[in-house]
2 protein chains.
Amino acid sequence: MKKVTINSVAEYAGVSKKTVSRVLNNEPNVSPATREKVLKVFKELDYKPNPIARGLARNKSFIIGCLYDNPSKSYITRVQSGALEACHKFNYNLLIHPCELRGDELIENVDQLLTTSRLDGLVLTPPFSDSQELIDFLKTQNIPFARVASALEDDTSISVRSNDEQGAYELTEHLISLGHKEIAFIKGHPDHSATEKRFSGYQNALLKHGIEYEEKLVAEGNFSYHSGADSAKEILDLEPMPTAVFASNDYMAAAVLKLATQRRIRVPEDISIAGFDNAPIARHIWPGLTTIAQPVEEMTRQAVEQLILQISDPSIEVYQKVLEAKLITRESTAAK
Amino acid sequence: MKKVTINSVAEYAGVSKKTVSRVLNNEPNVSPATREKVLKVFKELDYKPNPIARGLARNKSFIIGCLYDNPSKSYITRVQSGALEACHKFNYNLLIHPCELRGDELIENVDQLLTTSRLDGLVLTPPFSDSQELIDFLKTQNIPFARVASALEDDTSISVRSNDEQGAYELTEHLISLGHKEIAFIKGHPDHSATEKRFSGYQNALLKHGIEYEEKLVAEGNFSYHSGADSAKEILDLEPMPTAVFASNDYMAAAVLKLATQRRIRVPEDISIAGFDNAPIARHIWPGLTTIAQPVEEMTRQAVEQLILQISDPSIEVYQKVLEAKLITRESTAAK
DNA sequence: ATGAAGTTTGACACCGGTGTCATAATGTCG
DNA sequence: CGACATTATGACACCGGTGTCAAACTTCAT
């Protein structure tokens, strides 16, 4: 099977390669007859333009890179699914790049990524969307990027996030309205800006409702199930045991639920448990977890869509958006 | 900031671009002095070779595509993680392409993928690794590919799978050894070859131990949590209720566990539940699920590694491997 | 010193497209 | 019918690298 290039098509059709290129790109100034003829040859020879050659000429790859480091698998798949939706809409593809590094090594690693594979743009998800270093680097390299779920203030780059603080506030208020006063809290990974936001939401709700904040009720997690299990032990060992636990994500909440169940502590009768994110696991376990639905797919979808728009026209206004988080009540929380 | 190309480097260093190219690729026949000089200019000018140009010249993109359609998010992330490990080892990158299509549309979609982004190879995961149509297509297109977890017999293409039948056999035998005789079974998605394999393993174990196979004990799932919930209802409504349930994957098993718990059926006292895959959820819930550990990452890692090796040297022997699956017992199964 | 063999280097075509610009063909109008 | 505007087409350079091959330079044995 011989390779079919623009040259062979041109020769076969009896026109110049530039004319073939015109037809290929739906450019004007091609007579209908010629266009017909060339299109027929496309079919006949089963011609596929070479994306690499095109990329070289136009200095574009039609590939977006997605950078992440998140212990929550479901978060990642949701990010990917939103990103892919936007990519496919514009005939882009998605290259994934998990990365555990920080600081200089991170920059080096991203640099390497950009060296081995020319990307038209990058979507940053937490914690990278909060890395000022990385953002500065990308700016100097002139790589378009969009930030997802970042709390960083930078109105020169695309950002789509949800209102973490508001969500945590609502959830805490929900617990309070059920009569809970000793509400334990499990923090997320310190590198993620959401961690602080959710924590403030929790604190502010307590404050608003005149409940004293107690440090011993707060455990340090890092969004992983495992860290949730550790924190769960801490919290369930407290005397007196809190009547409610608010974990910064659903995985950690699931870990609390598991330990509670193991210890025959009834949920929600003896203790209420709530999470954050509305990850699949929140409804895959019994009792289902009360949580805050964060529109992860939608955030990423919008971010990537705007990124691609910006790539095609760098002069458009920088998109910045805050989406609402929503309380979802399930069986894991009940009145005290 | 001016663009640094091989030409500017050559000019600056006072050598030809070919010599620069030689240094770039660590080719022999460059005098140490020249090499030094050029390397210094690389540093000085912060030169990054353009991967697209290189791709055009060498007809390579250093990108592997990963094709999947699997309702289990954790399966996908495990696949990705194995694939990425192999990719990064060889300085390749991974492009992901979920795809829900079948038949002609699938072919068309993959064709489109190959048109918009030149890939050096493709990893096929279930159910695509079992699609004869797709495999034939890729062969005609001369795209290297590797199959993961495919039961298809084709010794001309790379294949890494685990022994599903054996695993299911062992798990069933485990249940039988605990005294269970009425063991319900939830099948997976009919398009996945693993579905049949696991089912045969179940049937063969029953046969071997003189337990009659009963059709009413078998429910049709499709690997999704949702289908597991439907099947769970069917099974738990049976009179008499079976004493054990073997679901073809952990998500469906989790769904059975949830419904059982909701109905205050005690697990494992009243009913034993087992899954397959050893997905994270298997240990994130209580009781933890007895299951079969399938080395998904390892399968994919090996498949991609071999794929890359084959890309660099098409003459090497086609790699075909069957990895062992392993029984993991947790709290969800117990003696009758 | 000479020739043969090996090493180092660069000129140039090429990968498969796109952009620029000149030229050819066609259309319009007085 | 000629002058001019408009549309259609192709020649050619270019994107940024790599492959081929011949020339120039070393090295070394004779």
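Residue numbering restarts at 1 for every chain, and letters A, B, ... go by the order of the sequence lines.
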Asks: Under 4.0 Å, counting only non-hydrogen atoms across every strand here, what does B:Lys60 touch: a base, just sugar-phosphate, or nothing?
Replies: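 No contact.
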Asks: Does one side chain, of B:Lys139 or B:Thr156, offer a donor that lies under 3.5 Å from an acceptor on the other?
Replies: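 Short answer, yes.
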Asks: Do A:Gln294 and A:Ser162 pair up side chain to side chain, a donor and an acceptor below 3.5 Å, judged on atom types alone?
Replies: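 There is such a pair between these side chains.
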Asks: Base, sugar-phosphate alone, or nothing: which one does B:Asn25 contact when heavy atoms must sit under 4.0 Å apart?
Replies: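 Sugar-phosphate only.
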Asks: Using whole Å, what does the distance between atom C1' of nucleotide D:dG17 and atom CG of B:Asn50 come to?
Replies: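 Taking atom C1' of D:dG17 as the reference, CG of B:Asn50 is at 8 Å.
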Asks: Nearest heavy atom decides the nucleotide; on that basis, is B:Glu27 or A:Ala53 closer to the 5' end of DNA chain D?
Replies: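 Mapping each residue to its closest nucleotide by heavy atoms, the 5'-most match is A:Ala53.
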Asks: Atom CZ of A:Arg22 and atom P of D:dT7: how far apart are they, to the nearest Å?
Replies: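 So the CZ-P distance, A:Arg22 to D:dT7, works out to 14 Å.
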Asks: Check B:Lys89 with B:Glu85, please: is the shortest side-chain N to carboxylate O separation under 4.0 Å?
Replies: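 Result for this pair is no, no salt bridge flagged.
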Asks: Just checking B:Val30: base, sugar-phosphate only, or nothing, at a heavy-atom cut-off of under 4.0 Å?
Replies: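 Answer is sugar-phosphate: B:Val30 comes under 4.0 Å of backbone atoms only.
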Asks: If I take atom CG in residue B:Leu45 and atom C1' in nucleotide D:dG16, what distance separates them, rounded to the nearest angstrom?
Replies: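 The distance from CG of B:Leu45 to C1' of D:dG16 comes to 15 Å, rounded to the nearest Å.
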Asks: Just how far, in rounded Å, is C1' of C:dT18 from NZ of A:Lys18?
Replies: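 So the NZ-C1' distance, A:Lys18 to C:dT18, works out to 5 Å.
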Asks: Just call it for A:Val15: base, sugar-phosphate, or nothing, with non-hydrogen atoms closer than 4.0 Å on any strand.
Replies: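 Sugar-phosphate contact only.
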Asks: Side-chain N or O of B:Thr19 less than 4.0 angstrom from OP1 or OP2 on C:dT8?
Replies: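 Answer is no, no contact under 4.0 Å.
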Asks: Check B:Ala53 against A:Leu56 and note the closest heavy-atom contact, atom names and distance.
Replies: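 Residues B:Ala53 and A:Leu56, closest heavy atoms: CB-CD1, 3.7 Å.
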Asks: Ignoring hydrogens and angles, does a donor from either the side chain of B:Lys17 or the base of D:dG17 sit under 3.5 Å from an acceptor on the other?
Replies: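 Indeed there is one.
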Asks: From CZ of B:Arg54 over to C1' of C:dG17, roughly how many Å is that when rounded to an integer?
Replies: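 Value for this atom pair: 20 Å.
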Asks: Ignoring backbone atoms, test whether B:Ser21 places a side-chain nitrogen or oxygen under 4.0 Å from the OP1 or OP2 oxygen of D:dT18.
Replies: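 Indeed, a polar side-chain atom of B:Ser21 lies that close.
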Asks: May I ask you to evaluate whether B:Ser16 reaches the phosphate of C:dG10, defined as a side-chain N or O under 4.0 Å from OP1 or OP2?
Replies: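 Looking at the OP1 and OP2 atoms of C:dG10, one of them is under 4.0 Å from a side-chain N or O of B:Ser16.
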Asks: In terms of the nearest nucleotide of DNA chain C, which residue is placed more toward the 5' end: B:Ser31 or B:Ala57?
Replies: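 Counting from the 5' end, the first nearest nucleotide belongs to B:Ser31.
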Asks: Over how many whole Å does the gap from A:Arg58 atom CZ to C:dG19 atom C1' extend?
Replies: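 Computing the A:Arg58:CZ to C:dG19:C1' distance gives 11 Å.
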Asks: What is the distance from CD1 of A:Ile6 to C1' of D:dT9, rounded to the nearest Å?
Replies: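 Roughly 14 Å, once rounded to whole Å.
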Asks: Rounded to whole Å, please give me the gap between CG in B:Asn29 and P in D:dC25.
Replies: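 Distance, rounded to whole Å: 17 Å.
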Asks: May I ask you to say what B:Pro49 touches in the nucleic acid, namely base, sugar-phosphate or nothing, with a heavy-atom cut-off under 4.0 Å?
Replies: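 Result for B:Pro49 = sugar-phosphate.
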Asks: If you take atom types as modelled and just measure distance, does the side chain of B:Arg118 reach the base of C:dG16 with a donor-acceptor pair under 3.5 Å?
Replies: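 No pair found.
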Asks: Test salt bridge (Lys or Arg N to Asp or Glu O under 4.0 Å) on A:Arg161 and A:Asp130 and set out the steps.
Replies: CA-CA 12 Å; A:Arg161 60 189 184 89; A:Asp130 283 313; over 6 Å; no
